[in-house]
Structures are given as C-alpha cells and as structure tokens.
Asker: 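My questions will all concern the structure given below.
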Amino acid sequence: MLDLKFLRENLDEVERRLNSRGGTVDLSDFRSLDDKRRALLSEAETLKAERNQVSALIGKTKDKSQVQGEIARMKDVSARIKELDEELRHVEESLKGLMLTLPNLPDEVCPIGKSEEDNLEVSTWGEPTQLGFEPKAHWDIGEDLDIIDFERATKIAGARFSLSKGAGARLERALFNFMLDTHTAEDKYTEVQTPLMVNRDTMTGTGQLPKFEADLFHMDDPDYFLIPTAEVPVTNIFRDEILDGTQLPICYTAHTPCFRKEAGAHGRDTRGLIRQHQFNKVELVKFVRPEDSDAELEKLLADAEGILQALKLPYRVVDLCTGDIGFSAARTFDIEVWLPAQQAYREISSCSNFRDFQARRASIRFRREAGSKPEFVHTLNGSGLAVGRTLVAVLENYQQEDGSVVIPEVLRTYMGGIEKIG
RNA sequence: GGAGAGGUGACCGAGUGGCCGAAGGUGCUCGCCUGGAAAGCGGGUGUACCGCAAGGUACCGAGGGUUCGAAUCCCUCCCUCUCCGCCA
C-alpha cells in the first residue's frame, strides 16, 4: 500500500509513476474520496468532542432533572454521529479498497518499458552450454531415464502436474537441500517451516489479495488459500508487530511447495516442468532498515546467483522494466538460466525490493532504539532458487550424448556419491 | 466432534456504567546512590487519524446493540487454551 499522505501531496507524480507500468491509473476517485473522508471525519469528531464534554457534565450532576434538556439534546447529537459514522465507514471502505488495488511505485531507476522485451540485461555468467549434439528437452530426458512421469501425474491430478521418482526425486531433494544448506551456512539466513495454507489477511499483507484471487487455489471451508510462494507466509511472520531495530536485518529462508493456478497462462509452457500448478521453491526473505534495502537487494541477488555458480549453470541477470515488474515490487532483478533445448534464457529467480509497500499493508514496523517512533521496515525476497526449474536446467545442461545426465559436483554428496544418472 | 475457560499496553495482570488510555508489576530508559556494579530511591515509557497550530478523535479480539455516557451490560462472529473423543 502507498502512503496516504504521500499520495495526497504528490498525486501527479504517483499517477505518472504508476502509469509507467502500462495501464492507465485514474486517481480522481482518490481525490474525491479523500476529501469526503476528511470532511466527514472533521464533522463527526467535533460532535463527539461536544458529546464527551456534555456527558462528563451530566455524570457530575447529582440531580438529573437539571440536565434533562442536555440529555435530550445529546440524544440528537448521538443520532447525527451515528449517521456520520455510517457514511464515513462507507467512504473509508471505498478508499481502502482503492488503496489496496494500487500497485507499488516502481523505482525511478527502473528501465521504462511495456513488457519483458524491454527488460535490461545487466550481466551474464558463463557461456551458453555447447553440447556438440542435438539437445533433448528435459521432458524427454526425464521420461527416457524414467525419473519423471508426466502421464501418471496427469492421471492422479491433471494437467500441469508432475511426478518425479528414483534418481529424479532424489536429485530434486538434493537440489533443495543444497540450496538450504548454502543459504543457512554461517547463519546468513535462518531456516523456517511455515503453514502452506494461509488466511485472507496474510494474502492481503503481501499483495496477492484483493486483486489476484483468480491466480490462487482456494478452499471454502475453512477460508484458506494455498501459498503461491513462501514469500507469503514468511513475510507475514511479523505482521502487526514492532521489531527491535537492533535485530535487523532479519533474513529467513524456506523451502516450500508453491501452488499456482496459472490462470492467464493457457497454452504457454504446456509441456514439461517449467509451468506447473505445484512446484518446489527455496525462498529468501529479508526485513531490513529502509536505508539498507538497496544494498540488501544486491546481496540477496548475489546469494541466489551463488547457487547457479556452484552448479555451474550459465545465466544472465535482467533488470525488470516498469511494465514487467510485479504488483508489490519497486525494483526487481530476474535471474534467467540457460536452457539448451529452448536455446533461451528462462527465469529461475526473481529478486525484489518491496520497500515499505508490504510492510504498510501488513503493518510490520521497527523501533531504532527503545522509545523511538516505530517506522515501517523494508521487505525483500527472491527465489534461491525455483527447484523445479533448476532441475530442468541441470537435466538439459548436464545431458550427455548417450542420454545420461552427469550430476553437478556439488550435489554428489547429496546423491549418495553417484556421478551420473543413466 | 463434545464440554468448559478466556481474549486488556513490549510482557504479566487489575478493572462490572461516568473520577479509565486504563491501577500495580516486569521490561526498557534517564537520574541519584557507588571506586565500579548489584540492591535501593526518584522520573519517563502506546498507536493511528484529523488539524498550520492549540488541540481533538478513536482504539481494552472484531462487528452490531442499549445508554446522555461502554474496557465494563446485551447479541453475533473470530481466535486461543484445558479436558474428553478421534488421529500422523
């Protein structure tokens, strides 16, 4: 959520920066709602002040017959207050509803653009893998080695589900264990296990609701949502809390399955593991002081890149343009890994600075020192990494001409020492 | 699923209609004391909104009701805990 006062005082700038995302945001409703709210509030509060004063007087008067006139008058005042409060409630509801649907302001340094076409490549690591033979797509590798079974997963659940087994299942486990072990080394990140089902307040806190309910798996009774990313439960750990500023930054990592409807992705990536309704991901989440968030984003990005470097997988980093950046983010760097079968870089991590946008929604604050005013923290998160897509990258980049797949060195201790599959 | 208890400030906990934004304690913090510390003594210590300001308003789980006036009374909902049942 944006800061109400900042919005009020910088309406044109906010409109310009929000429109750089693509759509056309019209803030004229905001102006009228905000004005109306303040007028109603002012009138209601003046009447309440009077009522409080007169009521206190009535309380002190022993002989109530002397104040019958005041009591009768306050009855009318209370009735009027009730009307105003009712109207105010409606206006505030509309205003809050509007505020919750406004996306974050992209940082001024974000490349201006309409779509992912306009993202800016900021670095590359390694060279696109040269296999010297026609690369197989990971779904063929997986089926040929009998380590991924798409057909039976479809029978069990439906399209966009998969099932790994044997060395495939173990490779997936090796990957997320390696990621967690790396991130938690030297207490860089604290590992957490969280609920995978969450309530509405939690989904609203990070920005999935109210706008993106259609993308979420939902249960009616009780009213729960399956998490689309560990960002949601982990960021909400400190919802409605005031943190001790000396404890910041707080860095968490979590491995969870993620559940997404992929409602708007019909026909895209229909084969293989790239776009699934359920996938594993290791997430990195930080709560930091506002002045540290730029530097912490750099570090978070480096931590995610470190996994790909350890796995020796070629990748590039792109600075997302204003048109491609997510709803809650102010700045995002995507990491894209090289996939030989597609001859393309594909997203494997997204690292974002949300500044105080989520913190304001979820009311996550900190005190610099005992007695000082609470301030909103900045929140950040990034995938470190998407496990399913990392599995894809390993299978495709480490495939051999004979159909086998070599195990990246750093994973071998996790794989019982074997050096290849097949 | 059945029965019961309860939700008050950073934490514990008092408070059954006006003198309650809320006693007391703990914690934190400032000062005194001390060679230094502990103990002791004294002071301070909620958040949000409106307002140029003075100031005002709201908040004792949430929402509604009664009343001139509600943390306190009534209703609905949510959540937590205990016991029983079931269970990885």
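A, B, ... follow the sequence lines: proteins, then strands. Residue 1 opens every chain. Atom set for the values below is all heavy atoms of this structure, side chains included, hydrogens, waters and symmetry mates excluded. What you see is a predicted model, and the numbers here were worked out from it, not measured in a lab.
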Asker: Report the base-pairing partner of B:U45 (Watson-Crick or G-U wobble, both distances below 3.5 angstrom), or none.
Answerer: B:G27
Asker: For B:G61 and B:U80, measure between their C1' atoms and round to the nearest Å.
Answerer: 10 Å
Asker: Separation of A:K5 atom NZ from B:C49 atom P, in whole Å?
Answerer: 5 Å
Asker: Taking the nucleotide of RNA chain B with the closest heavy atom to each, which residue, A:A49 or A:M74, is nearer the 5' end?
Answerer: A:A49
Asker: In a table with atom names and distances, give each donor-acceptor pair under 3.5 Å that connects a side chain of residues 410-418 of chain A to protein atoms at least two apart or in another chain.
Answerer:
{"residue": "A:R412", "atom": "NE", "partner": "A:I407", "partner atom": "O", "Å": "2.9"}
{"residue": "A:R412", "atom": "NH2", "partner": "A:I407", "partner atom": "O", "Å": "2.9"}
{"residue": "A:Y414", "atom": "OH", "partner": "A:D181", "partner atom": "OD2", "Å": "2.6"}

Asker: Watson-Crick or G-U wobble partner for B:G40, using a 3.5 Å limit on both distances?
Answerer: B:C32
Asker: Without decimals, in angstroms, what is the distance between A:I81 CD1 and B:C68 C1'?
Answerer: 11 Å
Asker: So, A:F287 versus A:F238, ring centres under 6.0 angstrom or not?
Answerer: yes
Asker: Between B:C28 atom P and A:I242 atom CD1, what is the distance in whole Å?
Answerer: 18 Å
Asker: What is the base-pairing partner of B:C52, counting Watson-Crick and G-U wobble geometry with both distances under 3.5 Å?
Answerer: none
Asker: Looking at A:Q358 and A:G207, would you say the former's side chain and the latter's main chain have a donor-acceptor pair under 3.5 Å?
Answerer: no
Asker: Would you kindly give the CD1-to-P distance between A:I364 and B:A48, to the nearest whole Å?
Answerer: 15 Å
Asker: Contact class for A:R367 (heavy atom, under 4.0 Å): base, sugar-phosphate, or nothing?
Answerer: sugar-phosphate
Asker: Using atom P of each nucleotide, how far apart are B:G24 and B:G6 to the nearest Å?
Answerer: 26 Å
Asker: Give none if B:C87 has no partner; otherwise give the nucleotide forming a Watson-Crick or G-U wobble pair with it, both distances under 3.5 Å.
Answerer: none
Asker: Enumerate the residue pairs fulfilling salt bridge (charged side-chain N to carboxylate O under 4.0 Å, His left out) with a member in residues 103-115 of chain A, sequence neighbours excluded, ordered by first and then second residue.
Answerer: A:R16-A:E108, A:R17-A:E108, A:D107-A:R355
Asker: What do you reckon, is CD of A:E50 surrounded by more than 12 foreign heavy atoms closer than 6.0 Å?
Answerer: yes
Asker: Strictly below 4.0 Å: does A:K60 bring a side-chain N or O up to OP1 or OP2 of B:G69?
Answerer: no
Asker: Between B:U72 and B:G18, how far apart are the C1' atoms? Round to whole Å, please.
Answerer: 11 Å
Asker: Among B:C68, B:G64, B:C49, find the nucleotide with the atom closest to the side chain of A:L41.
Answerer: B:C49
Asker: Counting heavy atoms from C-beta on, name the nucleotide in B:C49, B:G18, B:U47 closest to the side chain of A:E45.
Answerer: B:C49
Asker: I need the CZ-P distance between A:R361 and B:A48, as an integer number of Å.
Answerer: 19 Å
Asker: Does B:G69 have a Watson-Crick or wobble partner in any strand here, with both distances under 3.5 angstrom, and which is it?
Answerer: none
Asker: Of the nucleotides B:C68, B:U66, B:C50, which one has an atom closest to the side chain of A:I58?
Answerer: B:C68
Asker: I'd like the C1' distance from B:C87 over to B:A14, given in whole Å.
Answerer: 41 Å
Asker: Give one of base, sugar-phosphate or nothing for A:R360, where a contact means two heavy atoms less than 4.0 Å apart.
Answerer: nothing
Asker: Pick base, sugar-phosphate or nothing for A:T46, based on heavy-atom distances below 4.0 Å to the nucleic acid.
Answerer: nothing
Asker: Keeping the roles fixed (side chain from A:Q400, backbone from A:Y398), state whether a donor-acceptor pair exists under 3.5 Å.
Answerer: yes
Asker: Can you figure out which of B:C50, B:U57, B:C68 approaches the side chain of A:K48 most closely?
Answerer: B:U57
Asker: When the C1' atoms of B:G35 and B:G25 are considered, how many whole Å apart are they?
Answerer: 33 Å
Asker: Roughly how many Å is it from NZ in A:K82 to P in B:G63, rounded to a whole number?
Answerer: 16 Å
Asker: Provide the distance between the two P atoms, one in B:A38 and one in B:C32, to the nearest whole Å.
Answerer: 14 Å
Asker: When rounded to the nearest Å, what value does the distance between P atoms of B:U67 and B:C28 take?
Answerer: 49 Å
Asker: Starting from C1' on B:A62, measure out to CD on A:E92 and report it in whole angstrom.
Answerer: 16 Å
Asker: Could you measure between the two C1' atoms, the one in B:A10 and the one in B:U29, and give it in whole Å?
Answerer: 13 Å
Asker: OP1 or OP2 of B:C68 less than 4.0 angstrom from a side-chain nitrogen or oxygen of A:R73, does that happen here?
Answerer: no
Asker: Which nucleotide, if any, forms a Watson-Crick or G-U wobble pair with B:G21, using both distances under 3.5 Å?
Answerer: none
Asker: Could you check A:S42 against A:K75 and say which one's nearest nucleotide on RNA chain B is further toward the 5' end?
Answerer: A:S42
Asker: Which nucleotide, in any strand shown, forms a Watson-Crick or G-U wobble pair with B:G6, with both distances under 3.5 Å?
Answerer: B:C79
Asker: Which whole-number value in Å describes the distance from A:F238 CZ to B:A10 C1'?
Answerer: 15 Å
Asker: Of the options B:C50, B:C68, B:A48, whose atoms approach the side-chain atoms of A:R365 most closely?
Answerer: B:A48
Asker: Is a side-chain donor or acceptor of A:N104 paired with a backbone partner of A:F354 at a separation under 3.5 angstrom?
Answerer: yes
Asker: To the side chain of A:K373, which of B:C68, B:U47, B:C50 is closest?
Answerer: B:U47
Asker: Considering Watson-Crick and G-U wobble pairs with both distances under 3.5 Å, what does B:C60 pair with?
Answerer: none
Asker: Could you check A:D292, A:V288, A:L380 and say which one makes a side chain to side chain contact (heavy atoms under 4.5 Å, CB included) with A:L297?
Answerer: A:L380
Asker: Taking the side chain of A:N52 as its heavy atoms from C-beta onward, which of B:C49, B:G65, B:U57 lies nearest to it?
Answerer: B:U57
Asker: Check every strand shown and say whether A:D244 touches a base, only sugar-phosphate, or nothing at a heavy-atom separation below 4.0 Å.
Answerer: nothing
